[in-house]
Number of protein chains: 2
Amino acid sequence: MSTPAMPKQMLALTAEDTMLQLTAKRAQGERFAAPIVVANARHADMVEEQLHAVSAAAQALILEPVGRNTAPAIALAALAAPGDAPLLVMPSDHVILDVPAFHAAIEAALPLVEQGWLVTFGIDPHAPETGYGWIRIGEEISGGVHRVARFVEKPPRDAAEAMLAAGDHAWNGGIFLFRADAYLGALAVHAPEMLTACQHAMTDARRDGFRIFPDADAFGAAPLDSIDYAVMEKAEQVAVVRVSMGWSDLGSWDALHEISEHDADGNAHAGQNDGEVIAINTHNCLVRSDGARVAMIGVEDLIVVASGNDILILPRGRSQEVKALIEAMKR
Amino acid sequence: MSTPAMPKQMLALTAEDTMLQLTAKRAQGERFAAPIVVANARHADMVEEQLHAVSAAAQALILEPVGRNTAPAIALAALAAPGDAPLLVMPSDHVILDVPAFHAAIEAALPLVEQGWLVTFGIDPHAPETGYGWIRIGEEISGGVHRVARFVEKPPRDAAEAMLAAGDHAWNGGIFLFRADAYLGALAVHAPEMLTACQHAMTDARRDGFRIFPDADAFGAAPLDSIDYAVMEKAEQVAVVRVSMGWSDLGSWDALHEISEHDADGNAHAGQNDGEVIAINTHNCLVRSDGARVAMIGVEDLIVVASGNDILILPRGRSQEVKALIEAMKR
C-alpha cells in the first residue's frame, strides 16, 4: 500500500488518522511546542494538509533535498530549535497505543535531559525479535531511567531469545529525547563533518514561510549515517527510559495484525478499510481493502491486502517475505 | 464471475473461447448441420457475436421470452428441426476435454437413435459426487449402448459411494441424442400440455431472419419441467451411451481447478486470465483475475477469484460454499 509517492507515514493504517497525524497528536498539549517536521521535499503539501487537518501545524517544515539517514535529518531539526529546548524525536510511522505511558516516560526522562543526557526509549520486549536493535539496560540513574550498558544491533535468533529470557534488555524504539544543544555537541565530537555540512545547509537554506529548504549541495555533503551509529553508540551520557506503551514500528503486515482490534473470530478488518469484507467461517485473518469487496469462506491465518489494482495474499507469520515479492516484481 | 447479464456460458473460463463457443465447435464438421440455439432473449446479440466469431452461425436462434426449464426449451428446438433429424442436445456450459471420445459415443448411439430411442450420455464416474444425477446401467443393446435401468437423483454420500464402488452406474451428463420426432412423440405421451403450449408458441412465433421469438403467452403456459423428469424417466425406449471424455459441468471453482492445466507447482492460473499473477512458494492454487494483479506468497490449496470490484478467497474443496456466500450477500 505504501509507495515512494505515498509512504507509510501518510497512510491511515491503524485508525482514521494517518501515522503522521497520530504522531503529531502524541505531542499536542501544553507541555509541547508546535512540531518541527523533517520530510522529503516531495511530500511537503501532503504533510502540511495532514497536520492542518488535526490542528497540529508545524513551527517549521524542513524539506530535505535528499535523504541522508537519521543523524543529519535530526541535526537539521536541532539547528532550527532553540538551543536549550528538549527535543522529542519521533519517527512518524510508529504505533504507540498507550500514549499516557509514553508521556510518563518523557516526564521521567526530562530531569536528566535537562542535565544534557541523550535519552532513548527502551521498549519492554515481548518476543525474540531479530528485526529490531536491542539495548542492554545498565544501572539506574533515576526513577525508571538507566544507563545504556550496550547497544545490540539486529541479533540472531538465539541471541534475541537469550536477551528476552535475561530480562535486562529492551528493544530500541528509535524514539529519542535530548536538548538540541546536547545533540549538536555530541555531533561536534563524534561526527564533526556531518555537523559542519548541516550547519552550512541551514545557513544557506531558502525559506518560504515556515518551510525551510536546506541547501542541497551542503546537505548532500553530510555523511550518510543513523543517529544510533553516529551518536548514541559513541556518546558518554546516554540513558534509556524503560516503557511499555503498545509500541510497534509496523514493520510488517503481521505487526499491523498484532496491534489491530479483532472481532470474535480473531479477524482484523475494521479500521480504515474502505472495501466491504464478508467473512464466513474465517478466523484470525487481516484484511485491508481500499475499495474492492473481499469475500472469504473457510480460511484461517491469512493476510489479504487489496490496494488499487493489486491483491496480496500470504499466511500470517510470513509477512517479512513481502520483500522477496517486491524483488521478484522488480525483476 | 457469472451474472444474469453475463452467464457462465458466455465466459471464457477454460480456454480462449467461451463455453458457448467451445460447445458450438464440438458440433462442427461434415457430420453436423448448423446449430439450433435456444437462449434467453436478452443474450441474443452476444450469442450471435460469439458464434459468428468461431464460424458457427446458428440455423435458428430461438429466444425464450421466459425460462421454463429444459423440457420446453428442447421442445422448441425439436419443433424447429426437420422431424427425422437426430438432435444432439448440449448445455452450453459444460466442459468436454476429449472431443473425439464424445464423437465416438455419438456414432455408437446413432443407429439406436435412428430407430427412435432417446439416448443420454452416461459419464464414467470417478468420485462419489452428490451434486449429480446418476444412472444405473442396464443390459447392453449394442456396442457401448445400454438400457437405462434407473435414474437416481442427487444421492446422499453413502449411496454415491456405493454406486461408485459397484461400477454399474454413470453420471447423468445432461447431454442427449434423439430424433426430433421421437422427443416430440414422447412429450405427446408424457407431457401433452407442454407439447401443445410449445406448438402454439412456435406457430405464433415472430421471426426476424433466423431469430425466432416464440409467443410469450403460449410459451408461458408450458409447465416448468426438466427433460429428465418430464421425459427421460418416463419414456420406454431410453438408452445410455457410456463415455469417458473429460466431462465437467463446471459446477464449482473446484471443478474448474480440476480440469485446468497446472504448472509444476500445481497452480492453475493460465487460460483466460487477464490479470498478472505472481506466485512465490505457492502450491495447488487456482487464480482467476479479470484485471487485478494477484501476488501470493507461501499459500496452498486456495481458490482466488478477482472479478470487477470483487475478490473471493476460499480453500480448495469448499467451493460449494460459495452458495452460502451469495445467500449472505443477498441478506
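All heavy atoms count here, side chains included; hydrogens, waters and symmetry mates do not. Just so we're on the same page: letters track the sequence lines, and every chain starts at 1.
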Inset, instruction - Would you check if the side chain of B/Glu261 reaches a backbone N or O of B/Ala268 as a donor-acceptor pair within less than 3.5 Å? - result: no

Legend entry - Interface moiety of A/Ile303 toward chain B, non-hydrogen atoms closer than 4.5 Å: neither

Legend entry - Pairwise side-chain contact, B/Leu13 with B/Met19, heavy-atom cut-off 4.5 Å (strictly under): yes

Legend entry - Residue part contacting chain B, namely of A/Val305, when any heavy atom lies under 4.5 Å: neither

Inset, instruction - For chain A, find which of B/Asp310, B/Leu312, B/Val294 contributes the most heavy-atom pairs closer than 4.5 angstrom. - result: B/Asp310

Legend entry - Per-residue contact mode, B/Ile280 against chain A (heavy atom under 4.5 angstrom): side chain

Inset, instruction - Compare every heavy atom of B/Leu63 with every heavy atom of B/Asn40, then report the nearest pair and how far apart it is. - result: O-CD2, 4.0 Å

Legend entry - Flag side-chain contact, heavy atom, 4.5 Å: A/Asn172 against A/Tyr132: no

